There are 2 protein chains.
Amino acid sequence: MSTGNQGPISVTNSSINHSAVECTESLRGVQDALYVLSGKWKLPIIITLTGQPRRFKELQRQIAGITAKVLSKELKELEMNEFVVRNVYATTPVTIEYELTEYSQSLNTVIEALRNWGIQHRERIIGQHKTV
Amino acid sequence: MSTGNQGPISVTNSSINHSAVECTESLRGVQDALYVLSGKWKLPIIITLTGQPRRFKELQRQIAGITAKVLSKELKELEMNEFVVRNVYATTPVTIEYELTEYSQSLNTVIEALRNWGIQHRERIIGQHKTV
DNA sequence: GTTAGCAGTATCCCAAAGGATACCAGTATC
DNA sequence: GATACTGGTATCCTTTGGGATACTGCTAAC
């Protein structure tokens, strides 16, 4: 698939999911979702694009530490997954703007879930270290 | 933190989150959550442990393709994050069982969210390829 | 005409993730 | 007494992700 996710990992567990097929589909679904958000810079790029479109160099300036090579690669992946569109305007010289798609909004619920769980988890783990 | 997640990436976007602090905390939360599920084998291990505890070699046999080294490392990370406990039984020779914790259940909602989104996404992307 | 900005690409390099293989001490079986 | 199983560890190797740096063709400003 165009997300670049690899072939299936086989784990057979018929006790929670009712069939091996369902189990495999679930696993693949979770792994696909994790895959599209993987990498150090996907989230920072999405956050930076939230609200307003940005040009390439603008993005690079906003996101401290990212190199042009990596930004370029990540933007292509985000485009492939239809989170971002690349708009070319025929100004001289051409202006290129990256913009979040409507579809990218569909990530919101999963990002919210990750966020809430992550914040809670950090507190839990750090809290325990303090008591030791 | 014990998840091994790295230092913060700075992205300042005051337009969606109301303060830079909130934005950073959200980003870190999401990245922490992604981090604890990262790696090729975490999910397969969790799935295999769902329902029944398993011994080390049992796990290795169930999860096709994982090596002892990687299984051992992943189990340690899962233990650190309190998803798994390692039980040692004083049989001769000792029996060691890995078991999901109650806390690991807290992942269920986020895994569900990832799963649903992931399955939907795969259909969307593959569907488009067919029409081309 | 030199400098600076744009939107990247190309090349080289390094560290981390993960695979392959060998090995260990202890016990139980044939 | 050789073989096999347990719960791993150690070593070596390849692949991947990502950083650093240089460069490109084009245009606008000084």
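Letters A, B, ... are given to chains in the order of the sequence lines, protein chains preceding strands, and every chain is numbered from 1. Since the structure is predicted, the reported quantities are computational estimates derived from the model, not experimental observations.
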Ignoring hydrogens, what is the shortest heavy-atom contact between [X] and [Y]? Give both atom names and the distance.
| X | Y | result |
| --- | --- | --- |
| B:Asn81 | B:Tyr103 | O-CE2, 3.7 Å |
| B:Pro44 | B:Thr48 | O-OG1, 2.7 Å |
| A:Leu37 | B:Leu34 | O-CD1, 3.9 Å |

Rounding to an integer number of Å, can you tell me how far [X] [atom1] sits from [N] [atom2]?
| X | N | atom1 | atom2 | answer |
| --- | --- | --- | --- | --- |
| A:Leu75 | D:dG18 | CG | P | 13 Å |
| A:Ile66 | D:dG19 | CD1 | P | 7 Å |
| A:Glu77 | D:dT16 | CD | P | 13 Å |
| A:Leu71 | D:dG17 | CG | C1' | 15 Å |
| B:Glu58 | D:dG7 | CD | P | 8 Å |
| A:Leu43 | D:dG18 | CG | P | 13 Å |
| B:Arg54 | D:dT6 | CZ | C1' | 17 Å |
| A:Gln62 | C:dA7 | CD | C1' | 17 Å |

Item to complete: Salt-bridge test for A:Lys42 and A:Glu77: reply yes if a basic N is under 4.0 Å from a carboxylate O, no otherwise.
Response: yes
Worksheet item: Can we say B:Glu112 and B:Arg115 salt-bridge, meaning some charged N sits less than 4.0 Å from an Asp/Glu carboxylate O?
Response: yes
Any protein N or O atoms within reach of nucleotides 8-18 of chain C? Criterion: under 3.5 Å, listing atom names and distances.
| residue | atom | partner | partner atom | Å |
| --- | --- | --- | --- | --- |
| C:dG8 | OP1 | A:Arg86 | NE | 3.4 |
| C:dG8 | OP1 | A:Arg86 | NH2 | 2.5 |
| C:dG8 | OP2 | A:Tyr98 | OH | 2.7 |
| C:dT9 | OP1 | A:Lys76 | NZ | 3.1 |
| C:dT9 | OP2 | A:Ser72 | OG | 2.6 |
| C:dT9 | OP2 | A:Lys76 | NZ | 3.1 |
| C:dG18 | OP1 | B:Lys40 | N | 3.0 |

Discussion item. Is it the case that the side chains of A:Trp117 and B:Ser106 hold a donor-acceptor pair, with the cut-off being a distance below 3.5 Å and no angle test?
Written reply: yes
Item to complete: Could you let me know what C:dC30 is paired to, Watson-Crick or G-U wobble, both distances under 3.5 Å, or none if it's on its own?
Response: D:dG1
Discussion item. Between A:Tyr35 and B:His121 (judged by ring centroids, cut-off 6.0 Å), do the two rings come close enough to count as a pair?
Written reply: no
For [N], take OP1 and OP2 only and decide whether either is under 4.0 Å from a side-chain N or O of [X].
| X | N | value |
| --- | --- | --- |
| A:Thr92 | D:dA28 | yes |
| B:Arg61 | D:dC5 | no |
| B:Arg55 | D:dT6 | no |

